[in-house]
Colleague: 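Take this structure first; my questions come after.
Note that the structure is a prediction, hence the values are computed from the model and not measured. Just so you know, ligand 1 is whichever comes first in the structure, and atom 1 is the first atom listed for that ligand.
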Amino acid sequence: MNPSDLRELLQKHPKRKLVSAPTPIDHCSRLSETYGARIQIKRDDLTGLATGGNKTRQLEYVLGAHDLSDVDVVLSSAFSQSNWCRQLAAAAAKLGVRSHFVLAKGLKNLESQGNLLINKLIGATVEIVDGTDEELLPLLIERAEQYEAKGVKAKVISAFSDEVQALAALGYVEAAIEIVESLGDEIPDWIYVAGADVTPAGLVLGMNLMGLHTKVVTVSPIRYSFRGEDACTKIANDAAGLLGVNVRFAPGDFLFTYDYVGDGYGIPSTGGLNAMRTLANTEGILLDPVYTGKAMHALLDHLTTGVLANGDKVVFLHTGGIPGLFAYADETAAYLNMTA
Ligand SMILES: Cc1ncc(COP(=O)(O)O)c(C=O)c1O
């Protein structure tokens, strides 16, 4: 299928426009020269809305299907420095809807920094609780019922629901189309992306439907059994179902690496911080220590160790997360002082 046929198929799905699309693709000439490849960056950190990121693109289809026009407050859950919640808060604010988040404490709970600070600025109600993000749904439902009891129209949008994830993946089918439309004949050999499941599911589905053999390498920030290849397979198959196309994926269709997680999710790694510094001082582009820094670490390592051949064309998909740089200011400053 060519990109315009796929776009036509996608257009059958309602979409709430939030992204300044297409996001730019920057050619990184200094980085390319250093590493002997043609490196370009798809700037989904510039999707717009409160510092942007991949969730804004996903929310276009989630909020297209879930109309918030008669909703007063939208509820969701995640970890305390969640990029998902920050982008949902921004999108909801644009639609005149309040947000209420039940957030798992996690390692970083800085109310005056990063995503939590932005949530406060937007005016979201934030509750920080113990537990892990995917355990919070019952609490979220209870809060929604409490709002309803007071006559406030409430809607839960859980990032962990199968339906939300399949819709969200459509955003990355669209990103795949944008990459192909922007690059014309220069189809990348590789796409590198920080991903847990939804983003790579959409990208791989999109590239597959356009008949392209670009290898999508997903650099996972996390080692959880319920994320990764199996989750990605389900999401890609569900999203294919939404599009009405007859393709089925298996876990082996997704190239994941867990080698760059370091000490764990939300713990900056030296390799990731090195990669953040390299990109900042060669191209002036910022990354974050939780997701994109680790993904860039993988790409630079694969370029150095010969996983990619000299002259290969690679697109690094920048998924945003920039507020994380400020939430991890202490760790980043300590690294810079130590390596000065
Ligand atoms: C900056 C950033 N990159 C990548 C991801 C992973 O995205 P996905 O879960 O859609 O694969 C996230 C998810 O929170 C994120 O915030």
Colleague: Quick one: side chains of residues 110-118, donor-acceptor pairs under 3.5 Å with protein atoms, not counting sequence neighbours, listed by atom name and distance.
Modeller:
from: Asn115; atom 1: OD1; to: Arg86; atom 2: NE; distance (Å): 2.7
from: Asn115; atom 1: ND2; to: Gln81; atom 2: O; distance (Å): 3.0
from: Asn115; atom 1: ND2; to: Asn83; atom 2: OD1; distance (Å): 2.9

Colleague: Does Asp189 pair with Lys215 as a salt bridge, N-O distance under 4.0 Å?
Modeller: no

Colleague: Salt-bridge test for Glu33 and Arg38: reply yes if a basic N is under 4.0 Å from a carboxylate O, no otherwise.
Modeller: no

Colleague: Under the 3.5 angstrom rule, does the side chain of Glu178 hit a backbone N or O of Ala21 as a donor-acceptor pair?
Modeller: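 Not at all, since once roles are kept as given, no pair shorter than 3.5 Å links the two residues.
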
Colleague: Flag the pair Lys234 and Glu229 as a salt bridge only when some basic side-chain nitrogen lies within less than 4.0 angstrom of an acidic carboxylate oxygen.
Modeller: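 Result for this pair is no, no salt bridge flagged.
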
Colleague: Check this for me, if you would: do Arg98 and Asp72 make a salt bridge, where the nitrogen-to-carboxylate-oxygen distance has to be below 4.0 angstrom?
Modeller: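 Not counted as a salt bridge, because no side-chain N and carboxylate O are separated by less than 4.0 Å.
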
Colleague: Heavy-atom contacts with ligand 1 below 4.0 Å: which residues, ordered by chain and residue number?
Modeller: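 Residues Asn54, Lys55, Gln58, Asn83, Ala194, Gly195, Ala196, Asp197, Val198, Thr199, Pro200, Arg227, Tyr291, Thr319, Gly320, Gly321 each place a heavy atom under 4.0 Å from ligand 1, listed by chain and number.
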
